[in-house]
Amino acid sequence: MIIQVENPVVEVHDLTVSYDRKPVLWGIDLTLPAGSLVGVIGPNGAGKSTLIKAMMDLLPAGSGYVRIFDKPIAEVRNRISYVPQRESVDWDFPASVFDVVLMGSYGKLGLFKRPRQADKDAAMDALQKVGMQSFANRQISQLSGGQQQRVFLARALAQNADIYFMDEPFAGVDIATETAIIELLRTMREQGKTVIVVHHDLQSATEYFDWVVLLNMRLVASGPADQVLTQQLLEQTYGGKLTVLTKVGELLRKQEFPARES
Ligand SMILES: Nc1ncnc2c1ncn2[C@@H]1O[C@H](COP(=O)(O)OP(=O)(O)OP(=O)(O)O)[C@@H](O)[C@H]1O
Ligand SMILES: [Mg+2]
């Protein structure tokens with residue numbers, strides 16, 4: 001089940017990515033629709049983080065290519081924002097919460113530009129959206145994991161990009177924060193932005209995403225969430241080994257998929 005779209009916001013063609021000559025992604029071909037919430041789902045080590053890094057050209061492709069907005073990444077870099085997986089970030093660097101977010105908004109202006117009042121306002125606004133404004137002057141290293149995650153989200157929001165890549169933004173956040181974040185992502189979608197989210201929870205995936213990419217080193221599926229999140233395709237993705245999948249399958253079967261606009 002690999003559905004291609006016309007006028008895609010992201011086009012991945014025959015992408016292979018290796019670390020130390022060992023391929024971890026093989027021949028990925030997919031297109032993603034603009035203005036959608038996309039979930040990238042698969043087991044640990046499936047290559048989800050690798051795929052979104054390769055989509056942003058942060059990792060060299062062994063073969064194949066990626067185009068965003070029908071252009072090479074280098075030409076659209078300032079329209080792209082990235083929230084890395086929390087474990088991959090060194091949280092000990094000395095910077096305040098406010099500075100981390102501010103770097104998001106004026107970073108794209110270039111190294112030597114000083115932030116203007118508008119950038120500072122955008123940073124504060126983004127912090128407010130994730131409920132972290134009262135932590136603005138705190139060192140980033142002194143926050144809890146979930147709070148750090150929210151600050152990184154605020155940083156991405158302050159960038160005001162057109163396409164967002166988020167690597168497990170819900171990992172380690174509480175349920176209230178998760179609900180607040182998904183509301184934010186929906187608002188962004190309404191503004192026509194595309195948000196690509198690496199996600200682990202299969203149950204909420206049916207509710208959160210319009211489009212789902214199932215990955216396990218190879219592309220298992222890419223298409224509308226209700227067509228992709230099936231027992232059979234999930235078993236293909238997870239190898240059918242996990243008994244928990246049976247339970248998820250039952251849940252999925254019982255669940256009415258809400259109708260979505262494309
Ligand atoms: N820098 C690296 N050098 C060598 N191998 C790597 C590197 N980064 C990732 N890998 C390997 O590539 C494969 C895919 O890793 P990746 O981080 O993309 O998986 P993932 O789907 O994001 O997993 P997780 O759910 O645990 O975050 C794994 O086997 C991993 O060990
Ligand atoms: Mg990962």
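We count residues from 1, following the sequence as given. In listed order, ligands and their atoms are each counted from 1.
Between Y208 and F170, the distance from one ring center to the other falls under 6.0 angstrom.
The shortest side-chain heavy-atom distance between S222 and V228 does not fall under the 4.5 Å cut-off. Contact check for I196 versus Y164: no side-chain heavy atoms found under the 4.5 Å cut-off.
Of the residues T187, I181, L157, the one that meets the side-chain contact (heavy atoms from CB on, under 4.5 Å) test with K129 is L157.
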Applying salt bridge (Lys or Arg N to Asp or Glu O under 4.0 Å) to R116 and D119, what does each step give before you reach the verdict? CA-CA 5 Å; R116 303 205 264 183; D119 299 313; 5.0 Å; no
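Among all non-hydrogen protein atoms, the one lying nearest atom 19 (O) of ligand 1 is G47 N, 3.3 Å. Ranking the protein heavy atoms by distance from atom 15 (O) of ligand 1 puts T50 OG1, 3.8 Å first. The nearest heavy-atom contact from the protein to atom 29 (O) of ligand 1 is G45 O, 4.0 Å. Scanning the protein for heavy atoms near atom 26 (O) of ligand 1, the closest one is N44 ND2, 3.1 Å.
Looking only at distances, no side-chain donor or acceptor of D162 sits under 3.5 Å from a matching main-chain atom of K193.
When the heavy-atom distances from atom 13 (C) of ligand 1 to V24, V17, V198, L25 are ranked, the shortest goes to V24.
Taking distance alone, with nitrogen or oxygen atoms compared against 3.5 Å, D20 stays at or beyond that limit from ligand 1. Between Q85 and ligand 1, at least one pair of N/O atoms sits closer than 3.5 Å.
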